[in-house]
Amino acid sequence: MSAQIGVTGLAVMGANLARNLARNGYTVAVHNRTAAKTDALLEAHGNEGDFVRADSLEELVDSLEKPRRVLLMVKAGAPVDSVIEQLTPLLDTDDIIIDGGNSHFADTRRREAALAESGIHFVGVGVSGGEEGALLGPSIMPGGSRKSYDSVGPMLEKIAATYDGEPCCTWIGTDGAGHFVKMVHNGIEYADMQVIGEASDLLRHGAGIEPARQADIFTDWNSGPLSSFLIEITAEVLRHEDPATGKPFIDVVVDSAGQKGTGRWTVVSALELGSPVSGIAESVFARALSSQRSQRAEAQELLAGHEVDVELPENFVEDVRQALFASKLVSYAQGLDMLTGAAQEYGWELKLDEIAKLWRAGCIIRAELLDDITKAYASGSEPSNLLFAPAFAEAIGAAVPAWRRVVAAAVQLGIPVPVFSSSLAYYDALRRKRLPAALTQGLRDLFGAHTYQRNDKEGTFHTLWGGDLSEVEAADTH
Ligand code: NBP
């Protein structure tokens with residue numbers, strides 16, 4: 001029996017994707033570096049569909065129909081290069097290697113270019129939804145040549161999550177585009193989780209609302225514009241009691257957040273692109289700060305807070321909901337704006353409506369909001385920033401008074417809200433007629449002759465700061 005696709009790397013994600021493919025009627029050849037995982041998969045789930053066991057990469061390749069499709073689900077980084085190196089001599093022109101792991105998009109670009117020389121297609125696929133999504137339908141973000149998508153796209157679309165009957169999978173763009181979009185998805189996910197944390201902190205330490213009661217509030221919020229997977233599971237986590245102590249579960253969990261690196265990658269890439277993803281960056285830094293446990297312990301001893309008692313507005317809970325919504329919108333706007341910058345830099349034609357569409361189900365940031373975002377970009381007049389779409393400009397504008405009240409209260413109470421406040425600063429900076437960047441330019445010109453432009457005439461100028469303070473026209477080279 002020849003298989004339509006081979007999967008190598010049968011840890012949790014690979015095994016579940018292989019099962020998903022088999023359950024959807026494909027014959028799937030399965031391989032893992034150590035045979036125990038292949039055994040475990042076939043023993044527990046071999047009856048779910050047609051699997052072909054392969055004990056070596058040679059066997060895997062030999063079992064596939066041509067052009068061959070090999071899905072790598074091995075650990076991101078060096079293992080991907082190692083498997084590609086072993087596979088390449090076994091493959092022919094037009095065969096396709098698909099990397100479904102969380103690879104860095106720059107690695108995907110490099111691998112795609114190298115394999116293209118031997119006529120092998122390389123498809124970097126972002127997969128979101130974790131273990132359960134991989135089995136039941138993830139959100140899938142494939143990059144690579146259009147031709148390769150014609151071959152692998154229908155299979156990926158079949159195993160993807162669906163929203164209103166549409167698969168959450170579409171061709172994103174060439175080379176690393178799929179992995180880039182997945183990376184930004186993860187960056188937005190960091191911000192999404194951080195704003196939830198900030199809201200919860202304010203409810204507890206501002207308004208004195210305990211976790212179990214907060215769970216009801218989040219459940220309530222989940223039926224409105226905030227409706228999303230993350231809000232839903234927030235209620236579940238907040239409601240959970242630690243069986244050992246009877247305390248709220250979150251009170252027995254160490255408050256330092258881990259990360260696997262995709263949020264950091266998003267911020268590093270944003271810095272390289274000059275893309276102001278301040279909310280995402282603050283959420284990555286918030287995790288980093290939470291992990292500085294010994295410094296935090298010292299700070300608690302050494303640093304004064306001078307918190308101020310504030311009278312919270314009567315509907316503080318509703319204010320917090322609005323601040324959360326507005327900050328979340330900013331994070332999405334920043335992430336999508338970063339995609340626009342990346343498209344220009346890397347020569348991709350990213351379609352933001354298509355991208356928002358495939359985040360509507362299957363992935364961690366799935367949310368009702370994404371359907372509205374899809375509509376905003378599909379309306380024909382694509383806004384240059386999500387916040388400028390009429391529906392969003394109106395929605396965020398309506399939230400501004402509550403947002404300001406919440407950030408002001410948080411500052412007075414000494415409750416850190418880095419994403420709430422930086423998102424509001426972004427919103428205000430975008431709207432502001434004059435920014436202090438003019439002073440920055442003046443300073444740069446004084447200490448480094450970096451020149452400046454004037455708003456009353458064309459050209460590039462320098463003031464003779466050390467001389468008679470006259471202005472000279474300068475070559476625009478700085
Ligand atoms: P892991 O990332 O834990 O990788 C384990 C797999 O890689 C095993 O099959 C292992 O084989 C194989 N492997 C390693 Br390690 N080094 C290898 C090498 N040098 N040559 C060949 N195989 C090697 O698995 P995972 O959690 O299933 O994730 C797979 C990919 O999917 C990763 O890139 C991950 O970031 C991404 N991802 C994960 C999630 C999630 O929720 N876990 C979500 C989305 C994406 P062995 O059994 O012989 O050691």
Side-chain angles (χ1 to χ4, degrees), residues 6-21 28-45 53-61 70-90 97-108 111 122-143 156 159-161 168-169 176 178-190 193 229-230 233 258-266 358-359 361-366:
V7 180
T8 181
L10 301 175
V12 56
M13 292 297 285
N16 280 356
L17 282 174
R19 289 172 63 196
N20 188 349
L21 285 158
V28 186
V30 286
H31 169 262
N32 194 67
R33 177 179 62 174
T34 39
K37 285 198 177 76
T38 319
D39 294 337
L41 169 64
L42 293 177
E43 205 175 301
H45 306 289
R53 183 198 169 90
D55 280 313
S56 64
L57 286 173
E58 286 81 356
E59 273 185 39
L60 183 80
V61 168
V70 184
L71 172 59
L72 313 189
M73 289 307 299
V74 300
K75 199 177 184 65
V80 176
D81 286 313
S82 161
V83 177
I84 290 174
E85 202 179 309
Q86 296 167 62
L87 268 177
T88 310
L90 309 173
I97 298 178
I98 308 150
D99 173 16
N102 266 341
S103 293
H104 192 283
F105 78 98
D107 286 336
T108 305
R111 290 167 184 148
F122 187 69
V123 178
V125 179
V127 178
S128 177
E131 194 177 331
E132 190 179 292
L135 181 64
L136 302 176
S139 169
I140 306 182
M141 296 149 253
L156 297 177
I159 65 164
C168 293
C169 172
H179 275 140
F180 191 93
V181 168
K182 168 70 194 324
M183 175 186 79
V184 173
H185 161 284
N186 285 23
I188 293 173
E189 178 185 313
Y190 273 56
M193 291 168 71
F229 171 66
L230 284 170
I233 64 169
Q259 49 180 312
K260 282 196 171 169
T262 43
R264 186 179 66 236
W265 287 353
T266 309
L358 57 86
W359 288 344
C363 63
I364 305 298
I365 65 169
R366 58 187 183 263

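Order of listing sets the numbers, starting from 1, for every ligand and every atom in it.
- What sits closest to atom 46 (P) of ligand 1 on the protein, heavy atoms only, is Thr34 OG1, 3.4 Å.
- Protein heavy atom nearest atom 45 (C) of ligand 1, with residue, atom name and distance: Asn102 ND2, 3.6 Å.
- Looking at atom 47 (O) of ligand 1, its nearest protein heavy atom turns out to be Lys37 NZ, 2.5 Å.
- Which parts of ligand 1 touch Met73 is read off a 4.0 Å heavy-atom cut-off, strictly below it: atoms 29 (C), 31 (O).
- Distances below 4.0 Å separate heavy atoms of Val127 from the following atoms of ligand 1: 44 (C), 45 (C).
- The atoms of ligand 1 that sit less than 4.0 Å from any heavy atom of Val83 are 20 (N), 21 (C).
- Taking any N or O of Ser82, backbone or side chain, none lies under 3.5 Å from an N or O belonging to ligand 1.
- Interface of Gly9 with ligand 1, defined as ligand atoms under 4.0 Å from a residue heavy atom, comprises 9 (O).
- Atom numbering of ligand 1 starts at 1 in the shown order; those under 4.0 Å from a heavy atom of Gly130 are 41 (O).
- Contacts between Lys75 and ligand 1 below 4.0 angstrom, taking non-hydrogen atoms only, involve backbone and side chain alike.
- Given atom 9 (O) of ligand 1, the protein heavy atom at minimum distance is Asn32 OD1, 2.7 Å.
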Item checked: Candidate pair Leu17 and Val7, rule side-chain contact (heavy atoms from CB on, under 4.5 Å), full reasoning -> CA-CA 8 Å; Leu17 282 174; Val7 180; 5.7 Å; no
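- Distance alone, capped at 3.5 Å, is enough to place a donor-acceptor pair between the Arg366 side chain and the Cys363 backbone.
- Closest to atom 30 (C) of ligand 1, if we only count protein heavy atoms, is Gly101 CA, 3.7 Å.
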Note to self: Applying side-chain contact (heavy atoms from CB on, under 4.5 Å) to Lys260 and Thr262, what does each step give before you reach the verdict?
What the structure shows: CA-CA 6 Å; Lys260 282 196 171 169; Thr262 43; 5.5 Å; no
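- Contacts between Leu10 and ligand 1 below 4.0 angstrom, taking non-hydrogen atoms only, involve the backbone exclusively.
- From the protein, the heavy atom lying nearest to atom 22 (N) of ligand 1 is Val74 CG1, 3.5 Å.
- Of the listed residues (Val28, Leu135, Val30, Leu136), just one forms a side chain to side chain contact (heavy atoms under 4.5 Å, CB included) with Arg19, and that residue is Leu135.
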Next item on the list: For Trp359 and Ile188, run side-chain contact (heavy atoms from CB on, under 4.5 Å): C-alpha distance rounded to whole Å, both residues' side-chain angles, the deciding distance at 0.1 Å, then the answer.
Entry: CA-CA 11 Å; Trp359 288 344; Ile188 293 173; 3.8 Å; yes
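- Put simply, the side chain of Asn186 does not reach to within 4.5 Å of the side chain of Trp265, judged on heavy atoms.
- Contact of the Arg33 side chain with the Pro79 side chain is not registered, since no non-hydrogen atoms from C-beta on lie closer than 4.5 Å.
- Between Arg33 and ligand 1, a contact under 3.5 Å exists for at least one N or O pair.
- Proximity of Ile140 to Leu358: side-chain heavy atoms (C-beta onward) are nowhere separated by under 4.5 Å.
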Notebook entry, point to check: side-chain contact (heavy atoms from CB on, under 4.5 Å) between Met141 and Ser128: does it pass, once the steps are laid out?
Noted result: CA-CA 8 Å; Met141 296 149 253; Ser128 177; 3.9 Å; yes
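- Counted within 6.0 Å of CD on Glu132, heavy atoms from surrounding residues, nucleotides or ligands total 12 or fewer; the atom is thus considered open.
- The single protein non-hydrogen atom nearest to atom 43 (C) of ligand 1 is Met13 CE, 3.4 Å, given as residue, atom name and distance.
- Atom 24 (O) of ligand 1 has its closest protein heavy atom at Ala11 CB, 3.4 Å.
- Proximity of a side-chain donor or acceptor of Ser139 to a complementary backbone N or O of Gly362 within less than 3.5 Å is not detected.
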